[in-house]
Amino acid sequence: MATVGLRAANYRRPLAHFAVAVNSRQLCRQAWLRPPVLASPAIAFRRHYAQEPHRRFVMQEFGLFSHYIPQPWSTSPSVFTKAGRESLIERIREGVRSFFGVLNIKFRLPGWKKSIFAMQAEELYNTMNEAYAKGDIKLLKEICSPDMYAKLKREISNHNRVFDWELVSSQRAPEISHICCARFASGYMFAQVVVRVDQKQKVTLHSKNAEPVSKTMHVIEYLVFQRQITESSSPWWITGKLKAPSWDQPAN
């Protein structure tokens, strides 16, 4: 809240100066009591509502605050090596962080389930790919975070290709790889969920002077979803992607 300081123009008029000071304090008190103006909520994807908190400014996104992807035990280095011990310590630390992340999400969003969220996340991923191929920036704006939307919009405007995207099959059921929450001094808490998607996709390129060219690809991607879970009007958004590690590459 900005405080406006008023000074008397003439110190020889103490009564007038006192009246101006009292009036300024009343204006400041009124500005403090006036409720904040809230923007209309964005269109949500599969919202899960918690109890309604008191209204305040909603922070839309924070950016990625974890890049951790758990490595399977079968490909992890031996615990008798330095790298293995460091990997084990990180696994334990991130495992505890993920455990409390799940508790925070379920506490703030009653009814939230990992299996259901993973399936819905893959559906939203497919919608994003279709919208990207069609150049539907309006739909992308609804399902992606502001930074992710700006990136995809820029890519669409820069390339001149016309293509179709199609899901051939899911090679493996989508699964949540990692969950974590971050709380900020202002009272906001963000939840970040990383979902692994394993699919076969078909992309068909169209050209004016040639026949369409199709290519089928095996794709493994780690999608990052975020939501501000301390505000019921905040939606789940696709915030970005994590690079698939070397030990989890598709066999094309």
Side-chain angles (χ1 to χ4, degrees), residues 43-48 64 66-76 98 101-102 105 111-145 148-149 151-153 155-156 158-180 191-207 210-227 235-252:
I43 298 177
F45 164 71
R46 309 293 188 182
R47 291 182 189 170
H48 296 271
L64 304 184
S66 176
H67 293 76
Y68 178 74
I69 298 175
Q71 186 173 357
W73 288 104
S74 58
T75 60
S76 299
S98 186
V102 173
I105 293 177
W112 188 88
K113 295 182 179 180
K114 294 173 65 175
S115 58
I116 296 177
F117 182 86
M119 291 187 294
Q120 294 174 345
E122 185 176 35
E123 292 175 2
L124 187 63
Y125 168 68
N126 296 339
T127 301
M128 182 187 71
N129 287 333
E130 292 174 352
Y132 181 83
K134 296 177 181 178
D136 190 346
I137 59 175
K138 182 178 180 180
L139 181 55
L140 290 174
K141 188 175 183 179
E142 295 176 358
I143 63 178
C144 297
S145 68
M148 185 70 172
Y149 164 72
K151 177 184 176 182
L152 297 180
K153 181 181 179 181
E155 291 179 359
I156 291 174
N158 289 338
H159 73 69
N160 296 320
R161 295 172 297 177
V162 178
F163 65 96
D164 296 325
W165 180 91
E166 179 185 352
L167 172 64
V168 178
S169 63
S170 291
Q171 299 298 101
R172 186 174 170 181
E175 57 184 356
I176 292 178
S177 299
H178 188 250
I179 298 174
C180 60
Q192 175 175 297
V193 181
V194 179
V195 180
R196 181 186 183 273
V197 175
D198 187 350
Q199 297 180 341
K200 275 194 175 180
Q201 304 174 358
K202 181 179 179 181
V203 176
T204 303
L205 297 176
H206 298 275
S207 177
E211 293 293 326
V213 179
S214 299
K215 182 179 180 181
T216 302
M217 302 172 292
H218 184 190
V219 177
I220 295 177
E221 291 200 283
Y222 287 83
L223 308 172
V224 182
F225 295 81
Q226 278 189 3
R227 174 178 171 169
W236 284 105
W237 267 331
I238 298 179
T239 307
K241 300 178 182 180
L242 299 182
K243 183 179 179 180
S246 58
W247 43 262
D248 193 18
Q249 295 294 322
N252 287 325

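- For Tyr68, the ring pair (Phe, Tyr, Trp, His ring centres under 6.0 Å) criterion is met by His178, not counting sequence neighbours.
- Heavy-atom minimum distance, Gly101 versus Ile179: C-CG2, 3.9 Å.
- Glu155 pairs by the side chain to side chain donor-acceptor pair (under 3.5 Å) definition with Tyr132, not counting sequence neighbours.
- Every residue meeting the side chain to side chain donor-acceptor pair (under 3.5 Å) condition with Ser76, not counting sequence neighbours, appears here in chain and number order: Arg91.
- For Thr75, the side chain to side chain donor-acceptor pair (under 3.5 Å) partners are Gln71, not counting sequence neighbours.
- Residues meeting the side chain to side chain donor-acceptor pair (under 3.5 Å) test with Asp164, sequence neighbours left out: His206.
- Ser207 pairs by the side chain to side chain contact (heavy atoms under 4.5 Å, CB included) definition with Ala210, not counting sequence neighbours.
- Contact annotation: the side chain of Lys153 never approaches that of Leu140 to less than 4.5 Å [non-hydrogen atoms, C-beta and beyond].
- The minimum heavy-atom distance linking Glu142 with Trp237 is given by the pair O-NE1, 3.2 Å.
- Contact check for Asn126 versus Val197: no side-chain heavy atoms found under the 4.5 Å cut-off.
- Here salt bridge (Lys or Arg N to Asp or Glu O under 4.0 Å) pairs that include residues 213-222, with residues two or more places apart or in two chains, are Glu221-Lys241.
- For Gln171, the side chain to side chain contact (heavy atoms under 4.5 Å, CB included) partners are Ser169, Asp198, Lys200, His218, not counting sequence neighbours.
- Taken to the nearest 0.5 Å, the CD1 atom of Ile69 stands 5.0 Å off from the CG atom of Leu242.
- Put simply, the side chain of Tyr125 does not reach to within 4.5 Å of the side chain of Val195, judged on heavy atoms.
- With sequence neighbours excluded, the residues satisfying side chain to side chain contact (heavy atoms under 4.5 Å, CB included) with Asp248 are Arg196, Ile220, Tyr222, Pro245.
- Scanning for side chain to side chain contact (heavy atoms under 4.5 Å, CB included) contacts around Lys202 gives Glu166, Val168, Thr204, Ser214, Thr216, with sequence neighbours left out.
- Looking at every heavy atom in both residues, Ser66 comes nearest to Cys180 through CB-SG, 3.6 Å.
- Side-chain atoms of Gln192 and Thr239, non-hydrogen and from C-beta on, never get closer than 4.5 Å to each other.
- Around the CD atom of Gln249, the shell of radius 6.0 Å holds more than 12 heavy atoms that belong to other residues, nucleotides or ligands.
- You'll find the side chain of Leu124 reaches within 4.5 Å of the side chain of Phe225, heavy atoms only.
- Proximity of Glu122 to Ser170: side-chain heavy atoms (C-beta onward) are separated by under 4.5 Å at one or more points.
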